[in-house]
Amino acid sequence: MSDVAHDLLALLERYAARCPLPRVRALHLPPPAADGTRDGEFCAIELDDGALGLSFVLFGDTLAQLRAPRDHAGLPGMDSLALARRYAEGGGEQRTLGFAAVNALTRHLFDRAGYAPPAAGGSIGDLDLAAGDHVGMVGLFPPLVKQVLATGAQLTVVELREDLAGPREGWQVTLDPSALARCNKILSTSTVLLNDTLDEVLAFCRHAQRVALIGPGAGCLPDPLFARGVTLLGGTWIVDAPAFKAALHSGQPWGAHARKVAIRRDAYPGFERLMADALAGRPGGR
């Protein structure tokens, strides 16, 4: 597991040493009817204060393992930090649960500090693309390809799936992450936080002007990522928890119950400020 996981846990440990954390209330999963659709790609951990954290469930047999009640019946009432530690210490579905708990604890801290991340400027708007840019896309986002090409930017997609590799009309898909070194702007799926590719990806992005990590699962504290060269973390902020949970459980789209947010490195107040505000019990850090 990436050192980022350990750094994230270290920050949460520091906060937990100063303030009691809410326990786990529930694990929320999409139904089998949503399998194979975009509405079946994420689970959520809910804490006793209502904070929700998302995590991608489609690596290997993760979703099947999460649906096995014998393994997860003890989650309600569990120490949320103990569950979050599984992100750094576990594998498979345990890592997935741990990451969801990390994201839920991050939302808890943000709420307590009175910090609400600003709205995203658009799926690619925060990269400020123009003709002459070379975009490295980590993980194929089909809906964004046309948007990138429409700006006049060059596009190279790095994928893990061999069946997707090859040239396209005006762009290409490669299995070689070193191709990112030729790109000045990077757009990466947040699943790199779960599949052990984060360090490799960032190693080839050292000279990029902007590195954006986006996706519903990008709900963790951004500090360790910003320290490693990421310039923007774009995630999902749930605004109507009951409606979100109902939609997730029924396999229906839940985007209407959330908003896309983007935390920019140069505008983020930082963990120290947020923790101070949370401990003081006052809003701040906006």
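If you're wondering where the values come from, they're calculated on a predicted model, not measured in any experiment.
- Checked for salt-bridge contact, E272 and R14 meet the test: a charged N lies under 4.0 Å from a carboxylate O.
- Residues L160 and L213 fall into different hydrophobic clusters, defined by Ile, Leu, Val, Met, Phe, Trp and Tyr side chains chained together at heavy-atom separations under 4.5 Å.
- A salt bridge is defined here as a Lys NZ or Arg NE, NH1 or NH2 lying under 4.0 Å from an Asp or Glu carboxylate O, and D133 with R210 fails to meet this definition.
- Separating the CG atom in D61 from the CG atom in L58 is a distance of 11.5 Å, to the nearest 0.5 Å.
- Listed here is the closest heavy atom pair of D79 and L81: OD1-N, 2.8 Å.
- Here the closest heavy-atom approach between residue W254 and residue L248 is recorded as NE1-CD1, 4.1 Å.
- Using modelled atom types and a 3.5 Å distance limit, the side chains of D176 and T174 yield no donor-acceptor pair.
- Note on V135 and L164: same hydrophobic cluster, where clusters join Ile, Leu, Val, Met, Phe, Trp and Tyr whose side-chain heavy atoms are under 4.5 Å apart, directly or indirectly.
- Checked against L221 for a side chain to side chain contact (heavy atoms under 4.5 Å, CB included), the options F226, Y15, Y268 give a single hit: Y268.
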> Step by step, would you call L63 with D35 a side chain to side chain contact (heavy atoms under 4.5 Å, CB included)?
Replying inline: CA-CA 9 Å; L63 185 55; D35 289 357; 3.6 Å; yes
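- Hydrophobic clustering of Ile, Leu, Val, Met, Phe, Trp and Tyr side chains at less than 4.5 Å, counting indirect connections, unites F244 with V239.
- By the neighbour-count criterion of 12 heavy atoms within 6.0 Å, atom NZ of K245 is densely surrounded, having more than that number from other residues, nucleotides or ligands.
- With rounding to the nearest 0.5 Å, the separation of CG in L194 from OG1 in T96 is 5.0 Å.
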>> Run I45 and S55 through side chain to side chain contact (heavy atoms under 4.5 Å, CB included) and show every step you take.
In response: CA-CA 8 Å; I45 284 289; S55 193; over 6 Å; no
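- The CG atom of L109 lies 8.5 Å from the CE atom of M275; values are rounded to the nearest 0.5 Å.
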>> Between S80 and H108, does the side chain to side chain contact (heavy atoms under 4.5 Å, CB included) criterion hold? Intermediate values first, please.
In response: CA-CA 11 Å; S80 57; H108 160 76; over 6 Å; no
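- Between R107 atom CZ and D49 atom CG the span is 9.5 Å, to the nearest 0.5 Å.
- The side chain to side chain contact (heavy atoms under 4.5 Å, CB included) test with V211 is passed by exactly one of L127, L232, L180, I186: I186.
- A distance of 9.0 Å separates OG1 of T189 from CD of E159, quoted to the nearest 0.5 Å.
- Put simply, OG1 on T231 and CZ on R264 are 7.0 Å apart, with the number rounded to the nearest 0.5 Å.
- In this structure, H257 and A247 approach most closely via the heavy-atom pair CD2-CB, 4.1 Å.
- In this structure, P31 and S250 approach most closely via the heavy-atom pair CG-C, 3.7 Å.
- Heavy-atom neighbours of R168 CZ from other residues, nucleotides or ligands within 6.0 Å: above the threshold of 12.
- Taking both residues in full, the closest heavy atoms of C220 and L233 are given as O-CD2, 3.5 Å, listed atom of the first, atom of the second, then distance.
- At a threshold of 4.5 Å between side-chain heavy atoms, the hydrophobic network of Ile, Leu, Val, Met, Phe, Trp and Tyr places F110 and L279 in one connected group.
- Checked against R228 for a side-chain hydrogen bond (donor to acceptor under 3.5 Å, both in side chains), the options D223, D199, D7 give a single hit: D7.
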